[in-house]
Novice: 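Quick one: the structure is below, questions incoming.
Chain letters run A, B, ... following the sequence lines, proteins first and then strands; every chain starts at 1.
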Amino acid sequence: MRSDAARSGLLEWEPPEFDEVE
Amino acid sequence: MSTAVRPSSRPRLAPHVRLGFDRSRKKYMLLGPESVTVLNTTGAAILDLCDGQRTVAEIVAKLSSRYDHVADDEVAQFLTRLAVKRYVEAEDD
């Protein structure tokens, strides 16, 4: 089962995140 | 200068931070004088496009040519959180 992203040739979007290193 | 980043805002990195790539960890990072902030790939892709010229809407459009189903509200919220921490500056028209 391929995802929409794989079928379209685009990368899968994931929510942007950042982690501060103390 | 505002911390709320809107679709019409033109964000850029603050002068004291730069985007870098840590080869050993294979992670993108925001490097400040006394801080290191680790980014995921979409976060780095957003910041790579923040040149102070493009609006957030233009950044989302650009990302949409590479990513599937880009969530424009997530992009604006991500940049707002970084603006609150003074890592990003956003000019409004």
Novice: Verify, without hydrogens or angle tests, whether B:T80 (side chain) and B:V5 (backbone) share a donor-acceptor contact under 3.5 angstrom.
Specialist: yes

Novice: Return the set of residues passing side-chain hydrogen bond (donor to acceptor under 3.5 Å, both in side chains) with A:E14 (not counting sequence neighbours), or none when no residue passes.
Specialist: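 Counting only residues at least two positions away or on another chain, A:E14 forms a side-chain hydrogen bond (donor to acceptor under 3.5 Å, both in side chains) with B:N40.
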
Novice: Where does B:S65 contact chain A at under 4.5 Å (heavy atoms): side chain, backbone, both or neither?
Specialist: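 For B:S65, the backbone is the part near chain A, not the side chain.
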
Novice: Look at the side chain of B:E58 and the backbone N and O of B:T55, then say whether any donor-acceptor pair between them is shorter than 3.5 Å.
Specialist: yes

Novice: Report which part of B:I46 has an atom under 4.5 Å of a heavy atom belonging to chain A: side chain, backbone, both, or neither.
Specialist: side chain

Novice: Based on non-hydrogen pairs under 4.5 Å, which of B:L39, B:T41, B:V70, B:V75 is most in contact with chain A?
Specialist: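 That would be B:V70.
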
Novice: Just to verify, what does B:S35 make a side-chain contact (heavy atoms from CB on, under 4.5 Å) with, not counting sequence neighbours?
Specialist: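 B:Y87.
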
Novice: For chain A, find which of B:L82, B:L79, B:L47 contributes the most heavy-atom pairs closer than 4.5 angstrom.
Specialist: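 So the answer, after comparing B:L82, B:L79, B:L47, is B:L82.
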
Novice: Between B:D51 and B:R54, is there a donor-acceptor pair closer than 3.5 Å when you use the side chain of the first and the backbone of the second?
Specialist: yes

Novice: For B:L63, is it the side chain, the backbone, both or neither that has a heavy atom under 4.5 Å from a heavy atom of chain A?
Specialist: side chain

